[in-house]
Amino acid sequence: MAPKNAFLYMLAIVLASLHIAAADPDILVDYIVPPNATNVTADYFTYTGLRGLIGGATPANFTLTIVSMFEFPALNGQSVSYAFLQFPPLSVNSPHSHPRGSEILLLLSGRLDIFLVDTDFKLFTTTLDRGDMFLFPKGLVHYQYNSDPKNPATALAAFGSANFGRVTLPQALFTTSVPDIVLAKSFQTDIATIQKIKNGLVGSTGPN
C-alpha cells in the first residue's frame, strides 16, 4: 500500500474511533455492588482523592487527576465522572478527545484559553474567567492553554460517562508505531523532524 493511501486509511480509522457513538449501558438496579461486598455503607459513595489538591500547591507541569469508575468504583453504571485540572503559568492541556463522553468544564481559578475543533475543522476559541463553563461535545478535539505568565489556573471537568476515555493526539501519533515516513508526508516535513518530535515525547505517558 502506498504511503499516502496508508495514511488515509489510518486517518479514517482514527476519525472513526474519535466519534464512537457508544454510551454507558443502562443499569437495572440503583447502583452496582462491588464483587463480594456484603455491607455497602456511605463510604462506598464517598471519594476523598481530591483532598489536598483543591487549594493546594501548584504543580510544576500541567496535571490531570481523573476520577472515573476505576478510581471511584461507585461511578460504575452511573454515566458520570470527573477530572481536576491544574495549569501552572504557560502550560497546556494538549489536543485530545474523549470518545465516550461529553465534557463540561468549570473554571475554578485563574483564566484559561479554550479551543474546540468540530468535524468541519472549524476552530472555536474563547477565554474563560473564574466561574465560567464550557462544553466540549463527545469525540471532538479540544485543548486548553493558560497563557498567563504569572498566575496558575484550576478547573473541574464533568463527563457524561463513567469511563470517558482520552485520545491525546501527540502520544497517539508520535509514541505509537505509525511509520516515520507516513508522519513526515502527513505533516509535510522530513523524517529527521519527526524523529526529533518522537525523541521529545520519549517516556511521556501523561496528558501533556
### Message
Checking the side chain of Ser102 only, and the main-chain atoms of Lys138 only, is there a donor and an acceptor separated by less than 3.5 Å?
### Response
yes

### Summary
Here the gap from Phe124 atom CZ to Phe115 atom CZ, rounded to the nearest 0.5 Å, amounts to 14.0 Å

### Task
Return the orientation label for the Phe134 and Phe136 ring planes: parallel under 30°, perpendicular over 60°, tilted otherwise.
tilted

### Query
With Asp113, which of Val92, Thr126, Thr125, Thr127 fulfils side chain to side chain contact (heavy atoms under 4.5 Å, CB included)?
Thr127

### Query
Hey, are the side chains of Leu105 and Leu128 touching, using non-hydrogen atoms and a 4.5 Å cut-off?
yes

### Task
Answer with yes or no after comparing the ring centroid distance for Tyr31 and Phe45 against a 6.0 Å cut-off, counting only values under it.
yes

### Message
Checking the side chain of Ser81 only, and the main-chain atoms of Ser161 only, is there a donor and an acceptor separated by less than 3.5 Å?
### Response
yes

### Summary
In this structure, CD1 of Ile54 is separated from OG of Ser109 (nearest 0.5 Å) by 10.0 Å

### Query
How close do Glu71 and Ser68 get, heavy atom to heavy atom, and via which atoms?
OE1-OG, 2.6 Å

### Path from Leu106 to Phe164 over hydrophobic side-chain contacts below 4.5 Å
no

### Query
When Phe87 is tested against each of Tyr143, Tyr145, Phe62 for ring pair (Phe, Tyr, Trp, His ring centres under 6.0 Å), which residue passes?
Phe62

### Phe72 CZ to Thr48 OG1 distance, which is reported to the nearest 0.5 Å
9.0 Å

#### Entry: Donor + acceptor pair across side chains of Asn146, Ser91 (<3.5 Å)
no

### Message
To the nearest 0.5 Å, what is the distance between CD on Gln86 and CG on Leu108?
### Response
10.5 Å

### Query
So which heavy atom on Ala172 is nearest to which on Val167, and how close?
CB-CG1, 4.2 Å

### Query
If you measure from CG on Leu169 to OG on Ser97, what distance do you get to the nearest 0.5 Å?
6.5 Å

### Message
So for atom CG, which belongs to Asp26, do other residues, nucleotides or ligands contribute more than 12 heavy atoms lying within a distance under 6.0 Å?
### Response
no

### Query
What about Leu156 and Tyr47, same hydrophobic cluster or not, with Ile/Leu/Val/Met/Phe/Trp/Tyr joined at side-chain heavy-atom distances under 4.5 Å?
yes

### Message
Could you check whether any side-chain heavy atom of Ile191 comes within less than 4.5 Å of a side-chain heavy atom of Ile181, counting everything from C-beta outward?
### Response
yes

### Summary
Between Gln144 and Ile114, the two heavy atoms sitting closest are CG-CD1, 3.5 Å

### Query
With hydrophobic residues grouped by side-chain heavy-atom distances under 4.5 Å, do Leu75 and Phe159 end up in a single group?
no

### Task
Looking only at non-hydrogen atoms, find the nearest pair between Pro170 and Leu201 and report the distance.
O-CD1, 3.7 Å

### Side-chain (His98) to main-chain (Gly139) donor-acceptor, under 3.5 angstrom
no

#### Entry: Any Thr65 side-chain heavy atom under 4.5 Å of Leu50 side chain
yes

### Message
Checking Thr46 against Asp43: is there a side-chain donor and acceptor pair closer than 3.5 Å?
### Response
no

### For Arg111 against Ala153, the heavy-atom pair lying closest together
O-CB, 3.7 Å

#### Entry: Candidates Thr189, Leu173, Val182 - the one meeting side chain to side chain contact (heavy atoms under 4.5 Å, CB included) with Ile194
Thr189

### Same apolar cluster: Ile197 and Phe187, side chain cutoff 4.5 Å
yes

### Message
If you define the side chain from C-beta out and look only at heavy atoms, does anything of Phe84 sit under 4.5 Å from Thr154?
### Response
yes

### Task
Report yes or no: does Asn76 contribute a side-chain atom to a donor-acceptor pair with the main-chain N or O of Pro73 at less than 3.5 Å?
no

### Task
List the atom of Arg166, the atom of Pro99, and the distance in Å for their closest heavy-atom pair.
N-CD, 4.1 Å

### Task
For the residue pair Asn93 and His142, establish whether any side-chain heavy-atom pair is separated by less than 4.5 Å.
no

#### Entry: Nearest-0.5 Å distance, CG of residue Asp24 to CZ of residue Arg100
8.5 Å

### Task
Report whether Leu64 and Leu112 are members of the same hydrophobic cluster (ILVMFWY, side-chain heavy atoms less than 4.5 Å apart, transitive linking).
yes

### Message
Treating Asp190 as the side-chain partner and Ala192 as the backbone partner, does any N or O pair qualify as donor plus acceptor under 3.5 Å?
### Response
yes

### Asp180 side-chain N/O to Gln195 backbone N/O, donor-acceptor pair under 3.5 Å
no

